[in-house]
Protein chains: 2
Amino acid sequence: MHSGRLVGRGGATLASLARELGVSRTTVSNAYNRPDQLSPALRERVMKAAERLGYAGPDPVARSLRTRKAGAIGLLLTEQVSYAFRDPAAVAFLEGLTLECDRAGIGLLLVPASPDSDDVRSVTRAAVDGFVAYSMPEDDPFLAAMLARPVPTVISDQPATDAADLVGIDDRAAMRNMADHLISLGHKRIGVICMRLGRDQHNGVVDERRQEGAGYHVQRNRLAGLRDGFEAAGVAWDRIPVVERFDHSIAAGASAAGQVLELDPGITALVATSDVLAMGAIGELRRRHKRVPQDISVTGFDGVKAALDAGVTTVSQPVTAKGREAGRLLLDPAVRHRARQVMLPTTFVAGTSTAPHHG
Amino acid sequence: MHSGRLVGRGGATLASLARELGVSRTTVSNAYNRPDQLSPALRERVMKAAERLGYAGPDPVARSLRTRKAGAIGLLLTEQVSYAFRDPAAVAFLEGLTLECDRAGIGLLLVPASPDSDDVRSVTRAAVDGFVAYSMPEDDPFLAAMLARPVPTVISDQPATDAADLVGIDDRAAMRNMADHLISLGHKRIGVICMRLGRDQHNGVVDERRQEGAGYHVQRNRLAGLRDGFEAAGVAWDRIPVVERFDHSIAAGASAAGQVLELDPGITALVATSDVLAMGAIGELRRRHKRVPQDISVTGFDGVKAALDAGVTTVSQPVTAKGREAGRLLLDPAVRHRARQVMLPTTFVAGTSTAPHHG
DNA sequence: TTGTAGGCGTTATCAG
DNA sequence: CTGATAACGCCTACAA
């Protein structure tokens, strides 16, 4: 640290500077904010005096209070902020969002929201002109606190609310499509691994009730899409083992795959609701001497780079575009009031992790 | 957007709520900030009235002004913010930094700083309690504006300043080490590709003057370390082609490698000052039917995951730890005043991209 | 347990 | 081009 020490105490202010110079506060303010409203000479004098007195310019917070603009928007994430930087999809979303922030010259405030605390003051006290929520469960207290704030809000991957704009994809249809792909390959006996379905730390088998009551809209819809497809093909959904993991990591995918295999060693395909889980699963299967895709087909979701590179059959969703769209909805005055919901397209990507099953 | 519309106009305030209830402002304030200073009944009444009047709680900005705390720190990056999310090293730094922010319950404000503008108001006007600067050139106007602000500051990868705390690695020694490695393998004829050395958009050969005048401390030191090693081994530094690229990408690495090869087709080793450039270079060499490492050895720097996975010989630096350390220096009161400079260790990683040269 | 009152540092407005 | 006045919305001694 350096200077910091003197903040507040002894710190020169607009007023003290004005007094010192024998001019009005307006004049000093103008020197900073409207140089054209001032004779160059006077402005020069002001700046000189500022330097001499160690005045660094108008206080941002006081300015914000007066102008009623924070110059920043807040981002709320499912998890601790640091977690986002380990998740390639979140990073891509952030890239898109900051693209728009950069364009608008607006800051992005990453709001801390520890999932094991219900202290929502970080949300209540964030000095922002708007909020974006990324992939939050419906019953999250931080989300509720955010929606209570009187600022514009955009939510990504959530069911419709009239309290906020929305941006998302049709998870259900995309996953239905994936189901159809597997069915067309002849797979009828499958297993499923999915990300967390609720705020409670559940790891293990998911029953139907939990599937339908899932607070995570995205996961719920992906499972529903899968069910749509398999039931349409005459496969009983309640026979299919669905295993949930709270953590979203390669390791979680691996262990979930292991658990599914124990529940039903005879599956010919394993569906993961995310690429990260799929990659973990593939690793685990190989470790168990199952060939992918010859013995077992594996599918993912998201289209993150690592998965595409690895040839995982997946659904590619435009995560970066989603972030951009969220930013535009919030920041672009021309877009405001136009659309309250933006649905983005997804693409099915046939990789090398799926193959026909000849039963 | 939703509510937003009514902000400011008609918005209830602490004062209006108090008036409505016939109590003092203190009481309402206490209802939010010190519930124990209030009878539960009264508090309940306050909250009810708040709900009825659409009062969402104390205004964060006004609160900040009064308490002189923003509850956030700012991060300044070399480039547009969105760019950081494409750079694995920057993402890792962010992860470390946000780890500490999460712990402290403090927000992280990503400050927009377009490199092609000198409008530093985004820095001047950021409502933060401190700043972290990541990998900025010495002569950057945004950096200067940041240092002028009367708040604590931590800089990553910069030369010593008494205006801020520092966190970094010994780039020069680490690269010297890499030079020694190559020399011990018998390489004497090498080429070098490096990241941008200054704010001007230069792409191409770098002369000695530019090397030494580089505004990017890190790059300057890495080149210096290389020079140290090769000159000590009797190799004339001015014979070695050094090619700079402004962009930091795989493509830039590839094109830089191509240019080096044209300058000296006889090199037996190619040193890159970053893993990203090294990976680009390796791709380009293979495209030109040069075998790595049999025909040409290639080295990187940073130790990003993709490079380690690909077996690139590199220097692994603790980027995440660097971010954490920056956060601690700024946020942890126990750490403040202790160390003004934190140097982190690096590790040489022998990969499969280097091999002996038998001249 | 509740109220009084003074500022935090700035900018908008409007008059000179 | 310059200045006076009035908020912006809140926190926090201090007093009752």
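As the structure is a prediction and not an experimental result, all values here were calculated from the model. So you know, we letter chains A, B, ... as the sequences are listed, proteins then strands, and number each from 1. Values below: all heavy atoms of this structure, side chains included; hydrogens, waters and symmetry mates excluded.
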With sequence neighbours excluded, give me every side-chain hydrogen bond (donor to acceptor under 3.5 Å, both in side chains) pair touching residues 100-113 of chain B.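 Every side-chain hydrogen bond (donor to acceptor under 3.5 Å, both in side chains) pair that includes a residue of residues 100-113 of chain B, provided the two are not neighbours, is A:S82-B:D102, B:E100-B:R103, B:E100-B:R324.
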5' precedence on DNA chain C between B:L65 and B:Q37 (nearest-nucleotide basis):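 Counting from the 5' end, the first nearest nucleotide belongs to B:Q37.
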What residues, two or more places apart in sequence or in another chain, satisfy side chain to side chain contact (heavy atoms under 4.5 Å, CB included) together with [X]?
X: A:Q37; answer: A:N30, A:R34
X: A:I106; answer: A:I73, A:A104, A:L331
X: B:S16; answer: B:A12, B:T13, B:R19

By the ring pair (Phe, Tyr, Trp, His ring centres under 6.0 Å) test, which pairs, at least two apart or in different chains, include something from residues 25-75 of chain A?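 Listed once each, the pairs are A:Y32-A:Y55.
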Can you tell me the distance, in whole Å, between the OH atom of B:Y32 and the C1' atom of D:dG9?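 After rounding, the gap between these two atoms is 13 Å.
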What integer distance in Å separates B:D36:CG from C:dT2:C1'?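 In whole Å, C:dT2 C1' and B:D36 CG are 14 Å from each other.
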What's B:V23 touching, base or sugar-phosphate or nothing? Going by heavy atoms closer than 4.0 Å.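 B:V23: backbone/sugar contact only, no base atoms under 4.0 Å.
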Which letters describe nucleotides 10-16 of chain C, given B = protein heavy atom under 4.0 Å from base, S = only from sugar-phosphate, - = neither? BBB----
Just jot down the salt bridge (charged side-chain N to carboxylate O under 4.0 Å, His left out) partners of B:D129, sequence neighbours excluded, or say none.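 With sequence neighbours excluded, B:D129 shows a salt bridge (charged side-chain N to carboxylate O under 4.0 Å, His left out) to no residue whatsoever.
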Verify the neighbour count for atom CZ of B:R121: are there more than 12 heavy atoms of other residues, nucleotides or ligands below 6.0 Å?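 No - once you tally the heavy atoms of other residues, nucleotides and ligands closer than 6.0 Å, there are 12 at most.
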Respond yes when some side-chain nitrogen or oxygen of A:T27 is under 4.0 Å from OP1 or OP2 of D:dG3, and no when none is.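 Yes, because at least one side-chain N or O of A:T27 sits under 4.0 Å from OP1 or OP2 of D:dG3.
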Using a 3.5 Å cut-off and no angle test, enumerate the donor-acceptor pairs between side-chain atoms of residues 130-146 of chain B and protein atoms at least two apart in sequence or in another chain.
from, atom 1, to, atom 2, distance (Å)
B:E138, OE2, B:R220, NH1, 3.0
B:E138, OE2, B:R220, NH2, 3.1
B:D140, OD1, B:F142, N, 2.6
B:D140, OD1, B:L143, N, 3.3

Choosing from C:dT2, D:dT2, D:dC8, which nucleotide comes nearest the side chain of B:S39?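 Selected nucleotide: C:dT2.
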Between the protein and nucleotides 14-16 of chain D, list every N/O to N/O distance that falls short of 3.5 Å.
none

